[in-house]
Amino acid sequence: MGKLNTFAAGVAAGLTAAAIGQELAKEPSERTWKGAVAGVPYNFRLGEWSDLAREYWNPESDRLFSPHAIGLGWGINFAALLRRLRELTQPNEPVSEEPSTVPQPIER
């Protein structure tokens, strides 16, 4: 494992430990096991399969990154990514609000 991978694993482990500690510091009745630590979202509750699917494919959202349905960090919304890629590769032609003029034949 390279130094960068070791560092990233250490950061992830540290954030996970901090998130668990944050939840354990709460009264048991107030623990949601969902929140954010150092700006990174976490969700340690087991959700529904639909939540997991919506994390990676949510055509109703324009957000590229959404909090993980289970775990720490963000997932990619591939529906929004595909939509943005289509916009980049197939740009819409500008729409003129003025009526177009049709060239008239030249009379001789």
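All heavy atoms count here, side chains included; hydrogens, waters and symmetry mates do not. These figures come from a predicted structure and were not determined experimentally.
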What is the minimum heavy-atom distance between Ser61 and Asn77, and which atoms define it? O-ND2, 3.5 Å
How would you list all residue pairs meeting salt bridge (charged side-chain N to carboxylate O under 4.0 Å, His left out) that involve residues 54-81, not counting sequence neighbours? Asp51-Arg54, Asp62-Arg83
Lys34 side, atom NZ; Tyr42 side, atom OH - distance, nearest 0.5 Å: 11.0 Å
Show every donor-acceptor pair shorter than 3.5 Å between a side-chain atom in residues 8-16 and any protein atom, with sequence neighbours excluded, or say none if there are none.
unit_1 : atom_1 : unit_2 : atom_2 : d
Thr16  : OG1    : Ala12  : O      : 2.8

same_hphob_cluster(Val40, Leu24) at 4.5 Å side-chain heavy-atom cutoff: yes
Treating Glu23 as the side-chain partner and Arg31 as the backbone partner, does any N or O pair qualify as donor plus acceptor under 3.5 Å? no
Where at least one partner belongs to residues 55-78, residue pairs that pass ring pair (Phe, Tyr, Trp, His ring centres under 6.0 Å), sequence neighbours excluded: none
With the 4.5 Å side-chain cut-off for hydrophobic clustering, are Trp33 and Ile70 part of the same group? no
